Amino acid sequence: MSDLDQALNQAIEQYRRSHPASERIHQQALGVLPGGNTRSVLFFDPFPPYMVRGEGCHLWDADGHRYLDALGEFTAGLYGHSDPAIRAAVSEALHSGLSLSSHTEREGLLARELQRRFPSMELLRFTNSGTEANLMALATATASTERRKVLVFKGGYHGGVLAFGQGGSPVNVPHEWIVARYNDLDDVHAQVSPHRKDLAAILVEPMLGSGGCIPGDPQFLHGLRALASETGALLIFDEVMTSRLSFGGRQQLLGIRPDLTTIGKYFGGGLTFGAFGGRADVMSRYDPRRPQAWQHAGTFNNNVLTMAAGLAGLKHVLTAERLDALNRRGDALRAKLNAMFERQGVPLQFSGLGSLMQLHPLAGTLRSADDLAAADDRVKALMFFELLSRSVYMARRGFMALSLPFGDAECMRLEHAMTEAVNARRAIWPQSAPAPALEKSANA
């Protein structure tokens, strides 16, 4: 057994001993949920912590540990926990009734706020998640173009049944996929060339999110816009994660107008939400006043709690100034952490933009999922447990998403904890001087 294996086993055993209540709850869940789990991304061996409370940017687990929440509910927790304005809006909605069997005024008001941020969403419709939004966008594109081929990217993630990491998922929906390399227009054109007349859609994240926080090069994304226009396919920007990089998402930063946009996560104010929208000539096919209108149902698409929470968040909390400040803090934190890794001589880096970042046990520039193949997952696991023992909670895979309450003091605390973790395991980390890490801002 290597020193790294021994160190990881020790860290896992320490975690197990300090979380008996979480282990007990997990054991109870095993009898009714496969692996005690109903959301795969949250699971890790030997068992995940079970959280019981959140406030601001802090979490408390069933064992009484208090954590700095650097995960931010995988970007959905942008507002932090229990923002007062959102909590008041949800309380008011509860008082008025949960299921009203009809339209309410809030849905149009929320749609207007979203359209104000994303002018490319000339018309839009709500769903219950980002996964649903992407499913509906693809259905819209294939119905509109009467074509079947969909271009996606290795490492891309567009929902639980639209995952393209590690060769794809056996439970993916059965569209006719063309899978190309991210940030590689030559590969895109080579893959698409035999299918240009059959291409219905190009579905792309402006930055790979779950695939490693790898930003799309502006030239690459503009090239996809040109390809869609040339072939008559619809360009779909999945901004479920990247929408938080500016008031109008990354499409605003890059000056790209997609045909369709999908969003979700925090736009529901912390409740389940998704939306898809775009060109009026395409989206108007869902207008029920039209003969043979396309159907799009969903009992909870306009549920009163999400409408209330989402509207309160956009109108009273998420200003452009606060969002820009958060992304500047994220850029600064990522730069400091990467500078620390370089000083310490360890081949670690955080990639990402703004308030989103991902730890990689690799040196050098990262441009596609292929560049991550050499990563040693044990290094990320050890860093995860080391930070958890220092009361910092991030994703087991090394992902972090800062929330609005995550201020300068919290950034300093995280930097200190990570520096301690690097020093505590100095004899374990691979020792080589990394090349300068990928550094970009949300405005890149």
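Everything numeric here is computed off the predicted structure, so don't read it as measured data. Sequence positions, counted from 1, serve as the residue numbers for this chain.
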For [Y], is there any backbone N or O sitting under 3.5 Å from a side-chain donor or acceptor partner on [X]?
X: R329; Y: L402; result: no
X: T127; Y: S129; result: yes
X: R257; Y: P119; result: yes
X: E107; Y: M307; result: no
X: Q358; Y: G352; result: no
X: D238; Y: H158; result: no
X: S368; Y: N183; result: no
X: T145; Y: A233; result: no
X: H316; Y: A312; result: no
X: Y67; Y: D61; result: no

Minimum heavy-atom distance between [X] and [Y], given as atom pair plus value:
X: S351; Y: G212; value: OG-O, 2.8 Å
X: W60; Y: H58; value: CZ3-O, 3.8 Å
X: L254; Y: H222; value: O-NE2, 3.0 Å
X: N327; Y: R244; value: ND2-O, 2.9 Å
X: R285; Y: R290; value: CD-NH2, 3.5 Å
X: L314; Y: R117; value: O-NH2, 3.1 Å

Task: Stepwise side-chain contact (heavy atoms from CB on, under 4.5 Å) check, R397 with S210 - done: CA-CA 9 Å; R397 68 172 185 247; S210 298; 3.4 Å; yes

- [ ] Report the residues that fulfil salt bridge (charged side-chain N to carboxylate O under 4.0 Å, His left out) with R87, sequence neighbours left out, ordered by chain and then residue number.
- [x] none

Open item on the list: Checking D63 now: which residues fulfil salt bridge (charged side-chain N to carboxylate O under 4.0 Å, His left out) with it, not counting sequence neighbours?
Closed with: none

Less than 4.0 angstrom from a charged side-chain N to a carboxylate O is my criterion; do [X] and [Y] meet it?
X: D331; Y: R334; value: yes
X: K149; Y: E176; value: yes
X: E230; Y: R196; value: yes
X: R413; Y: E410; value: no
X: D184; Y: R367; value: no
X: R225; Y: D259; value: yes

TODO: For the pair D287 and S284, evaluate side-chain hydrogen bond (donor to acceptor under 3.5 Å, both in side chains) and give the outcome as yes or no after the intermediate values.
DONE: CA-CA 5 Å; D287 186 338; S284 63; over 6 Å; no

Task: Stepwise side-chain contact (heavy atoms from CB on, under 4.5 Å) check, L224 with L185 - done: CA-CA 8 Å; L224 296 182; L185 282 176; 4.3 Å; yes

Please tell me if the side chains of [X] and [Y] come closer than 4.5 Å, counting only heavy atoms from C-beta onward.
X: R328; Y: D324; value: yes
X: R106; Y: T306; value: no
X: L235; Y: I256; value: yes
X: L362; Y: D371; value: no
X: F399; Y: L356; value: yes
X: K380; Y: P361; value: yes
X: L414; Y: L337; value: yes
X: P206; Y: E239; value: yes

TODO: Run the numbers on L114 and L124 for side-chain contact (heavy atoms from CB on, under 4.5 Å), then give the verdict.
DONE: CA-CA 9 Å; L114 293 170; L124 62 145; 3.9 Å; yes

TODO: With side-chain contact (heavy atoms from CB on, under 4.5 Å) as the test, would you mind laying out the steps for T272 and F300 before giving the verdict?
DONE: CA-CA 9 Å; T272 179; F300 295 105; over 6 Å; no

Going by atom type alone, with no hydrogens or angles, which donor-acceptor pairs under 3.5 Å involve a side-chain atom of residues 163-173 and a protein atom two or more places apart or on another chain?
unit_1: S169; atom_1: OG; unit_2: V171; atom_2: N; d: 3.2
unit_1: N172; atom_1: OD1; unit_2: L162; atom_2: N; d: 3.3
unit_1: N172; atom_1: OD1; unit_2: A163; atom_2: N; d: 3.0
unit_1: N172; atom_1: ND2; unit_2: A163; atom_2: O; d: 2.8

Could you give the side-chain donor-acceptor pairs of residues 44-56 under 3.5 Å, partners two or more places apart or in another chain?
unit_1: Y50; atom_1: OH; unit_2: H26; atom_2: ND1; d: 3.1
unit_1: R53; atom_1: NH1; unit_2: E55; atom_2: OE1; d: 3.2

- [ ] With F276 as reference, evaluate F126, Y286, F237, F267 under the ring pair (Phe, Tyr, Trp, His ring centres under 6.0 Å) test and give the passing residue.
- [x] Y286

Acceptor/donor pairs from residues 69-79 side chains to any protein atom, 3.5 angstrom cut, sequence neighbours excluded:
unit_1: D69; atom_1: OD1; unit_2: L71; atom_2: N; d: 3.0
unit_1: D69; atom_1: OD1; unit_2: G72; atom_2: N; d: 3.0
unit_1: D69; atom_1: OD2; unit_2: H81; atom_2: NE2; d: 2.9
unit_1: E73; atom_1: OE1; unit_2: R39; atom_2: NH1; d: 3.0
unit_1: E73; atom_1: OE1; unit_2: R39; atom_2: NH2; d: 2.8
unit_1: E73; atom_1: OE2; unit_2: R39; atom_2: NH1; d: 3.4
unit_1: Y79; atom_1: OH; unit_2: G313; atom_2: O; d: 3.4

Open item on the list: Between S403 and Y266, is there a side-chain donor-acceptor contact under 3.5 Å, judged purely by atom types and distance?
Closed with: no

- [ ] Assess the side chains of R112 and Q115: does a donor N or O sit below 3.5 Å from an acceptor N or O?
- [x] yes

Listed pairs under 3.5 Å, donor-acceptor, residues 187-195 side chains, sequence neighbours left out:
unit_1: D187; atom_1: OD1; unit_2: Q191; atom_2: NE2; d: 3.4
unit_1: D187; atom_1: OD2; unit_2: R181; atom_2: N; d: 2.8

Task: Centroid-centroid distance, F220 to F153, less than 6.0 Å - done: yes

- [ ] Check the angle between the aromatic planes of W177 and H175 and answer parallel, tilted or perpendicular using the 30° and 60° thresholds.
- [x] perpendicular

